[in-house]
Amino acid sequence: MTDTAFSSLALPTALLDTLQQLGYEKMTPIQAQSLPRSMAGEDLIAKAKTGSGKTAAFGIGLLLRLKPAHFAVQALVLCPTRELSTQVATELRRLARFQQNTKIITLCGGQPIGPQIGSLEHGAHIVVGTPGRIADHLRKGTLKLDKVKTLVLDEADRMLDMGFIEAIEGIIDHTPGNRQTLLFSATYPKQIRQLSSRFQNNPVEVSVESVHSPQQITQLCYPTSEADKDDLLVRLLSHFRPASCVLFCNTKQQCETISAMLRDQGFSAGAMHGDMMQKERDQMLIQFANGSCSILAATDVAARGLDINDLPAVINYDLPRNSETYVHRIGRTGRAGKEGLALSLYTDYESRKIRAIEEYQQQPLPLGEMGDLPSQVTPMHASMVTLCISGGRKDKVRPGDILGALTGEAGIAGDLVGKINILDHVAFVAIKRDTANQALGRLINGKIKGRKFKVRPMEAGLPLGDERPPRRR
Ligand code: AMP
């Protein structure tokens, strides 16, 4: 967070009120650097990650240029995934409360195109979506972009990684040459520079290295010995009880043994590292993101692929090899205005690393209060349970079908059903723990889309097909 208040910008009072209602008082660094530029109509190339407040950094300028009385797509935001598109659209809708009648729609692949065409016919001011599907609409003639004033390429590096370059070029060709183009990317590879030089007009570069301000993260460290580490860890978990956390380990083997140890002690824990098959990693991520696995023991490399906002806590089971990695790790919590907790265990041998970290971040790393920790372990199961269904996209199973099978005709209440993920041949649905058995019974005995599928609960932290009992210490 910077010390600059939003009120230092020439923003309409209604927008300032909205920002206040949302609890945004000060600008995040990327907002302070981008907003004056984007409001002046300049092109931007901004290095910022999700969690830095980047949506408001491009969203406020884009909303201010919009004429709600004019029914045409005036802003287009391209995102790599449906998940990010939904996140961006949600944030834009919250910001857009200050002016009435702003219509924002998402157009993403993996969803039926018919309702999207219907929404477009009703008119939209802002379109957020993935390049493939937007290109489909342009081909069909169901989307017009000739009135676009602002084009945003969000997570541009990921879109290029995913092979969207041709689709993006095709889309840009449908927009007017005098548009404003804002490019957001976490990294600056050569292809990003090429993309920028082709489609941007004298872009201003803005970059914020650190995405968090250390004050929002409570950092505590706890001295221990190798022999007592596991015991201290379960006491810390019993005391702080984070709804979800990443537990950083330095080796793959440790991720496995520690997550197994935690499962034995009654915690919903799983491992994530480079030796796992892609399928196992995907399943682990689904369980972590849907709240059925609350502790993820991960190596630094594996954690890079984690796309989770708002992590309440991170724990360093092992201190990282260098201080820079420590700052990256703890930066996964306490993002943009939220409280974060970063706990670190260290042995005598590692105390010099603590000093190096303090020096690097120019801030002390306070000792945690051992006396506050309980002597007894209080197990903590995740709030959700994942049920796995043996049918997926290729079987034409959609989220609505699963939700319908669970909630229809005296079924369970919709708010007990969490995230639904549909893969090619399987689907996963998260259910509140207390209702999981009832939901399982309904799905086993009932039908989804008129068909019978196999359904079974997944043990938190174990990938599907792994029927082995958790390993003992
Ligand atoms: P983003 O990087 O756009 O995904 O934003 C991350 C989170 O920070 C979102 O939940 C926003 O609602 C929140 N946020 C954005 N800007 C601010 C701000 N200036 N103050 C507090 N929270 C913010």
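One-based numbering, in listed order, for ligands and for the atoms of each. No hydrogens, no waters, no symmetry mates; every other heavy atom, side chains included, goes into these values. Because the structure is predicted, anything quoted here is derived from the model rather than measured.
- The number of heavy atoms from other shown groups lying within 6.0 Å of NE2 (His122) does not exceed 12.
- Annotation for ligand 1: atoms under 4.0 Å from non-hydrogen atoms of Phe6 are 19 (N).
- Checked for salt-bridge contact, Asp136 and Arg133 meet the test: a charged N lies under 4.0 Å from a carboxylate O.
- A salt bridge is defined here as a Lys NZ or Arg NE, NH1 or NH2 lying under 4.0 Å from an Asp or Glu carboxylate O, and Arg193 with Glu205 meets this definition.
- Defined by atom type and a distance below 3.5 Å, a donor-acceptor pair is present between the side-chain atoms of Thr181 and Arg179.
- Between Lys26 and ligand 1, at least one N/O pair is under 3.5 Å apart.
- The Thr55 neighbourhood of ligand 1 comprises atoms 1 (P), 3 (O), 4 (O), with distances under 4.0 Å to a heavy atom of that residue.
- Numbered from 1 in the order shown, with element, the atoms of ligand 1 that lie under 4.0 Å from a heavy atom of Glu91 read 11 (C), 12 (O).
- Each of Leu153, Ile134, Leu62, Leu107 was checked for a side-chain contact (heavy atoms from CB on, under 4.5 Å) with Leu76, and the lone residue meeting it is Ile134.
- The distance criterion of under 3.5 Å between nitrogen or oxygen atoms is met by Gly53 with respect to ligand 1.
- For Gln21 and Arg97, the side-chain atoms include no donor-acceptor pair closer than 3.5 Å.
- Less than 4.0 angstrom separates some heavy atom of Ser52 from each of these atoms of ligand 1: 2 (O).
- For ligand 1, one of its N or O atoms has an N or O atom of Tyr24 under 3.5 Å away.
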